[in-house]
Amino acid sequence: MSYSSTFSLVKFLIVPLKGSLLITIQKLKEPLNYLVFLSFPLPYLFLSFPVFIFNRAFFPFTLSLPFLSFYQGMLSTFLTKPKSNQRLCVWFKHQFTSLCNGIINESTMITRLNSRLHCFIKLTGSFITTSFLLPSSSRLCLQFTPHSTSLASLLHSTSFSNIDDRPLLSRYQKVTSLDHAFNLFDEMTQRRPLPSVVKFNQLLNAVSKMKHFSSCLYLFKQMCLIGVPVNEYSMNIAIKCCCQMSRTNDGFALLACCFRRAVVPYVFTFSTLLDGLIREDRIIEAERLFKKLIKHKLCEPNVVIYSTMIKGLCKVGNNDIAVGLLRLMDERGCKPNVVVYSTIIDSLCKDKLIDDAFKLFNEMVSHKGILPNVITYTSLIHGLCNLCRWDKVSKLLKEMEDLRISPSLRTFNILVDAFCKEGRVDEAEAVIDIIVERGEVPDIVTYSSLIDGYCLRGEMTKARTLFDSLTSKGLVPNVVTYNSLLNGYCKSLKIEEAMHLFHEITRKGLKPDIVTYSGMLQGLFRVGRCGAARKLFDEMQSQGLIPNECTYGIILDGLCNNHKVDEALSLFHMVGDSRLNSHIVVYNILIEGASKCRKLDIAKALFHDITLKGLQPHVRTFNIMISGLCREGQLKEAKGMFLKMGESGFPPNNVTYRVLLLGYLI
DNA sequence: CATGTGCACC
């Protein structure tokens, strides 16, 4: 029987068994040897599903390993958790010894355990209810099956020695390369007795800090295989690796693995998983998990859980709810700290709500007495830079100096970038000098911004020279660096150079991203090479890149400017009601394109569509319309549009007046 | 031995 059909059999069995907590089914014939089942009595709160299916086919061992490891896990829980029931522990040990010595058989063991297990399952089982686990997790459950277990390693796990660990401790800290880590791991696994799990965890952590996530998971799996009694720390590192690889589902699968090994997940585990969901923009699930944690008291939410959830809310633009949660955590006796405040402050700054950000900042400092750190200040400075409020920026920098908070390279990079975007390259260079004076080393981000700055001013020679000098500085250009230079070439219509650079990206082992393609497309359209643009667009999609709003805008704009308004319009109609068409910029482009081609009726129809779609015309939309009407000599209508602006709450700006004036003059 | 906050390209 295949795994999937086993699974459907299990599904079939769920219904009649709903309501029981743990059921071991022994009556089933081969190939289902054991079926351990968790289902929950509250159908509307929990999904019921089998947690583990132990099919002998997956366990090429004569012993009934799944149960053995299950016992082992429980035993280690009883042994290591001081609060666990001592009598239960003694009883369990007794039963287990009887089993090992052949005094009782497994069925008897299971029967005897059954009643006792309930309390244990209650203890560890409820978290499984988060309903994320199966079926995608089943793959990993099996992959990570912790066979552990010869009896020897079980005995070993209870009699650890730390004597030999000391030399290892000093060595793990020096782990600098993956090779090094693997060698050390091999050496550790040769030792008898095995080094303690702590040493293994330290190694795991070193590997995960080097961002070698899959290697880290591999080592974790090896640990399970050779019988290292992995604990909640090991699990957490492994789960974090999954999450960092955007494989949070696999992280949840490891949670199932936790249960298997009687490792009780706790607040660290949950915050890691919550963060994983948020990383993947799975905010609804993140909220669901967060609520469950609190509702079912799966863990006592600490400041990290709250701040993670707040980050998630901010990420999807729910600043208000984020602030609400900030208030709530405070009410519930969990004191917000600088991280929580900084998270929200940063989000407000990104949304250009700088006044709200400062309000919160003042609340934090004055009312709560929480000291801001370099990150808080960097967020504020970034927000101010985006609004070109330079006076306030220097005020904050002064404030930092007074508080002896030293700006970091990131802080400087923001300043460099802001100056470059303003075309103030000299000042950006001055900031770089300061970085160097302070003994820090500008990184690829710093120089990418500077290249961008040169490009913006059309100083392509300078940009190129800087780009070429990066290697001698020991820096490797990344896609962003390439994008800056490529954009520069495109903007100055040096399309051959841009194309050359574009091909170089792949040659250097990098992958052009959506920005690269968008920039390149824009360049091709600007020099009128619509056919080449079309080809590139197809290539982009074959690379699995999905056009975003910006790409879409570039294409529409490109088509319109190349007198292909009809093509632009048919693309627009093809896209239909998608999110891409729900932005006013799209209408601005098309209306402008249509009216420039003297298709004013189409422009008028599009303008009419805007309100029908529930969108709001922008000042620019009005200006484009007025300009189009004037061009056709429909001055009366243009004037009507002008009057309409005031009514709709979009007061005319200087462009409006210029356009209207021009219309009347010509 | 573990978890949460800030930067770069259209």
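The sequence lines fix the lettering, A, B, ..., with proteins before strands; numbering per chain opens at 1.
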Name the closest nucleotide to the [X] side chain, picking from [options].
| X | options | result |
| --- | --- | --- |
| C550(A) | dA8(B), dC10(B), dG4(B) | dC10(B) |
| S449(A) | dA8(B), dC1(B), dC10(B) | dA8(B) |
| I375(A) | dC10(B), dC1(B), dG6(B) | dG6(B) |
| D346(A) | dG6(B), dG4(B), dT5(B) | dG6(B) |
| V515(A) | dT3(B), dC10(B), dA8(B) | dC10(B) |
| N302(A) | dG6(B), dT3(B), dT5(B) | dT3(B) |
| N236(A) | dT3(B), dA8(B), dT5(B) | dT3(B) |

message: Once salt bridge (charged side-chain N to carboxylate O under 4.0 Å, His left out) is applied, what residue pairs with a partner in residues 333-345 of chain A remain, sequence neighbours excluded?
response: D330(A)-K335(A)

statement: Sequence neighbours excluded, the answer for side chain to side chain donor-acceptor pair (under 3.5 Å) partners of R404(A) is none

Base, sugar-phosphate alone, or nothing: which one does [X] contact when heavy atoms must sit under 4.0 Å apart?
| X | answer |
| --- | --- |
| S484(A) | sugar-phosphate |
| N413(A) | base |
| D443(A) | nothing |
| V374(A) | base |
| V303(A) | base |
| S408(A) | base |

[N] [atom2] sits how many Å from [X] [atom1], rounded?
| X | N | atom1 | atom2 | answer |
| --- | --- | --- | --- | --- |
| N201(A) | dT3(B) | CG | C1' | 15 Å |
| L204(A) | dC1(B) | CG | P | 14 Å |
| L348(A) | dT5(B) | CG | C1' | 13 Å |

State whether the distance check finds a donor on one side and an acceptor on the other, under 3.5 Å, for side chain [X] versus base [N].
| X | N | result |
| --- | --- | --- |
| S271(A) | dT3(B) | yes |
| N337(A) | dG4(B) | yes |
| S307(A) | dG4(B) | yes |
| T272(A) | dT3(B) | no |

- prompt: So does K350(A) get a side-chain nitrogen or oxygen closer than 4.0 Å to the phosphate oxygens (OP1/OP2) of dC7(B)?
  reply: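 Result: yes.
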
message: Tell me whether the side-chain N/O atoms of K311(A) come closer than 4.0 Å to OP1 or OP2 in dG4(B).
response: no

field: Pair S484(A)-T481(A), side chain to side chain donor-acceptor pair (under 3.5 Å): steps then yes or no
entry: CA-CA 5 Å; S484(A) 291; T481(A) 326; over 6 Å; no

- prompt: Using the ring of each side chain (for Trp, its six-membered ring), is F290(A) parallel, tilted or perpendicular to Y306(A), with breaks at 30° and 60°?
  reply: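 The rings of F290(A) and Y306(A) stand perpendicular, inter-plane angle above 60°.
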
message: I'd like to know if the side chain of N561(A) and the backbone of D557(A) have a donor-acceptor N/O pair within less than 3.5 Å.
response: yes

- prompt: Does K494(A) come within less than 4.0 Å of E497(A), counting only side-chain N to carboxylate O?
  reply: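 Salt bridge: no.
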
